[in-house]
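Notes follow once the structure below has been shown.
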Amino acid sequence: MGVDLSDLVSEIKRDLNLAEVRGKKVGIDAYNAIYQFLAAIRQYDGTPLMNRQGKVTSHLNGVFYRTVNLLEEGIIPIYVFDGKPPELKAQELENRRKMKEEAEKKLEKAKESGKVEEMRKYSQMTSRLTTDMAKESKELLEYMGVPTVQAPSEGEAEAAYLNAKGITYASASQDYDSLLFGAEKLIRNLTISGKRKLPNKDVYVEVKPELIETASLLKKLEITREQLIDIAILVGTDYNPDGVRGIGPKKAYKLIKTYKKIENIDKRELPEPIYFDYEKIRELFLKPQVTLPSTPLELSDPDPSKIIQFLVNENDFNEERVRGTIERLQKAMKEIKDIKRQTGLDQWF
DNA sequence: CTCTGTTA
DNA sequence: TAACAGAGG
């Protein structure tokens with residue numbers, strides 16, 4: 001999912017020192033983050049964490065510990081949740097639904113034959129982020145004192161808007177769409193632990209946070225954001241998942257460098273005609289549906305008893321562990337207050 | 001993904 | 001102190 005611009009971005013991306021983000025707000029694409037938790041926080045055979053009623057709790061586990069880790073680094077996470085997807089996304093969403101159905105079938109087969117490796121692989125692929133899960137994640141963050149933002153439409157677009165408006169320092173997501181939506185800075189791999197499992201393997205590799213600045217990218221490529229969007233459309237976005245077959249990032253870049261925009265491209269240069277409405281897709285990236293938050297996005301004091309009630313009593317988390325993490329949370333919040341005092345950015349109340 | 005206890 | 005295995009709910 002998302003646009004694959006890794007080939008174009010590889011030259012200008014750089015390692016991010018987390019100290020650079022101390023005391024600053026970072027918009028987090030909540031869907032992107034929670035989905036990763038759902039896929040990754042599982043037992044060896046792929047069973048997700050669940051409470052006694054059998055409801056999945058992997059997302060709560062991920063949100064809770066990741067958020068405290070970020071706050072301990074002095075980073076203020078602003079989770080941005082998806083609203084209603086644009087109609088043009090229907091095809092992509094349908095594709096994802098089909099993929100999950102396929103994975104579910106394969107999972108059944110793997111279960112029948114008891115192949116544990118495959119069970120885990122296909123379980124991950126069946127991960128579904130429900131509206132309940134999004135609601136529960138927001139609820140937990142509220143008790144933790146961490147603000148959230150409800151996007152009218154695409155969360156990624158809203159997060160990019162907050163960044164463009166200077167409300168956040170950067171936008172964090174694994175997808176490159178943020179760049180198309182107008183984010184100034186994109187952080188990928190915003191994690192503290194630095195370990196990530198390789199797809200389909202039981203091997204862990206070091207992953208470091210990296211920073212991509214839109215201005216550097218456009219300068220390096222000598223193009224405009226509109227042209228970057230055209231490149232993405234040729235390659236394929238969530239609004240035209242197939243793109244133009246046979247055109248990858250490198251070829252798309254050459255075409256746009258030569259012809260400036262999609263409508264100018266010589267038809268003989270394309271392996272197949274363009275059948276999608278590229279003007280409408282462009283519009284979705286250039287003028288996405290976004291909103292200015294009605295209240296300032298500031299941290300507030302955590303409510304330990306509500307966190308305990310929710311995680312321990314309702315979702316069967318280990319009380320000792322949760323209490324320990326709440327202490328870390330409170331300490332981290334105090335330190336952030338100090339950073340703000342020192343840097344004169346105090347907007348606590 | 002992240003935490004904790006164990007091992008070298 | 002760092003690397004690893006196993007568990008978390």
Side-chain angles (χ1 to χ4, degrees), chain A residues 1 16 18 21 26 28-75 77 79 81 116-117 119-130 132-141 143-144 146 172-175 187-210 302 304 306-332:
Chain A
M1 85 176 219
L16 172 76
L18 288 182
V21 199
V26 172
I28 297 188
D29 179 0
Y31 179 94
N32 195 274
I34 295 171
Y35 191 82
Q36 282 177 27
F37 296 144
L38 288 175
I41 304 178
R42 290 168 180 272
Q43 299 178 152
Y44 193 75
D45 64 356
T47 311
L49 302 186
M50 288 179 286
N51 62 21
R52 245 174 305 203
Q53 306 158 44
K55 280 189 74 179
V56 172
T57 53
S58 296
H59 56 301
L60 297 174
N61 190 300
V63 167
F64 189 49
Y65 293 110
R66 166 78 65 85
T67 302
V68 173
N69 278 331
L70 291 174
L71 290 164
E72 279 184 326
E73 288 290 328
I75 300 168
Y79 289 87
F81 288 84
V116 181
E117 286 279 295
M119 282 164 64
R120 191 181 51 202
K121 181 169 108 183
Y122 294 122
S123 301
Q124 286 183 337
M125 292 171 65
T126 62
S127 306
R128 276 198 170 85
L129 203 173
T130 65
D132 271 2
M133 289 174 182
K135 206 172 139 198
E136 290 152 6
S137 303
K138 284 182 202 166
E139 187 178 351
L140 175 59
L141 288 164
Y143 301 153
M144 293 174 75
V146 175
S173 176
Q174 289 307 102
D175 292 347
I187 298 175
R188 300 185 75 237
N189 308 328
L190 181 63
T191 128
I192 313 298
S193 83
K195 275 196 307 184
R196 182 154 302 163
K197 207 174 78 65
L198 246 40
N200 302 335
K201 302 211 167 176
D202 204 10
V203 179
Y204 288 80
V205 288
E206 273 282 326
V207 218
K208 287 186 273 183
E210 59 189 39
K306 286 203 170 143
I307 297 175
I308 301 261
Q309 169 65 25
F310 186 58
L311 291 183
V312 178
N313 302 341
E314 292 172 27
N315 286 291
D316 305 317
F317 277 57
N318 179 285
E319 175 157 3
E320 213 180 340
R321 263 184 138 172
V322 170
R323 285 195 186 276
T325 308
I326 291 174
E327 292 203 3
R328 286 172 52 205
L329 171 65
Q330 291 173 314
K331 188 165 174 244

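Just so it is clear: chains get the letters A, B, ... in the order the sequence lines come, proteins before strands, and each one is counted from 1.
In this structure, the CG atom of A:Leu140 is 19 Å from the P atom of B:dC1, given to the nearest Å. Taking atom CG of A:Leu70 as the reference point, atom P of B:dC3 lies 11 Å away to the nearest angstrom. For A:Asn313 and C:dG9, the CG to P distance is 13 Å, given to the nearest whole Å. With rounding to whole Å, A:Lys208 atom NZ is found 19 Å from B:dC1 atom C1'. For the pair A:Gln124 CD and B:dC1 C1', the interatomic distance rounds to 11 Å; values are reported in whole Å. Rounded to an integer number of Å, the gap from OH of A:Tyr65 to P of B:dT2 is 12 Å. Atom OH in A:Tyr35 sits about 15 Å away from atom C1' in B:dC1, given to the nearest Å. Per the geometry, CD belonging to A:Gln174 stands 12 Å off C1' belonging to B:dC1, to the nearest Å.
With salt bridges taken as basic N to acidic carboxylate O contacts below 4.0 Å, one links A:Glu319 and A:Arg323.
Remark: A:Lys306 engages A:Tyr143, A:Asp303 in a side chain to side chain contact (heavy atoms under 4.5 Å, CB included) (not counting sequence neighbours). Remark: A:Asp175 pairs with A:Met1, A:Asn32, A:Glu156, A:Ser173, A:Asp177 by the side chain to side chain contact (heavy atoms under 4.5 Å, CB included) rule, at least two apart or across chains. Take A:Asn318 and apply the side chain to side chain contact (heavy atoms under 4.5 Å, CB included) test, not counting sequence neighbours, and it matches A:Glu320, A:Arg321.
Between A:Thr191 and B:dT2, a side-chain N or O to OP1/OP2 separation shorter than 4.0 Å is present. Distances shown here put a side-chain N or O of A:Arg328 below 4.0 Å from the OP1 or OP2 atom of B:dC3.
Of all the residues in residues 315-324 of chain A, A:Asn315, A:Asp316, A:Phe317, A:Asn318, A:Arg321 reach under 4.0 Å from DNA chain C with at least one non-hydrogen atom. Residues of residues 46-60 of chain A having a heavy atom closer than 4.0 Å to DNA chain B: none are found.
Evaluated for a side-chain contact (heavy atoms from CB on, under 4.5 Å) with A:Asn315, the options A:Thr57, A:Leu140, A:Leu49 yield exactly one hit, A:Thr57.
How far CD of A:Gln174 is from CG of A:Asp29: 10.0 Å, rounded to the nearest 0.5 Å. Between the CD atom of A:Gln43 and the CE atom of A:Met50 there is a distance of 7.0 Å, given to the nearest 0.5 Å.
Here salt bridge (Lys or Arg N to Asp or Glu O under 4.0 Å) pairs that include residues 36-52 of chain A, with residues two or more places apart or in two chains, are A:Arg52-A:Asp316.
Between the side chain of A:Gln43 and the base of C:dG9 there is at least one donor-acceptor pair of N/O atoms closer than 3.5 Å.
The aromatic rings of A:Tyr35 and A:Tyr31 sit parallel to each other, their planes meeting at less than 30°, with 60° as the upper class boundary.
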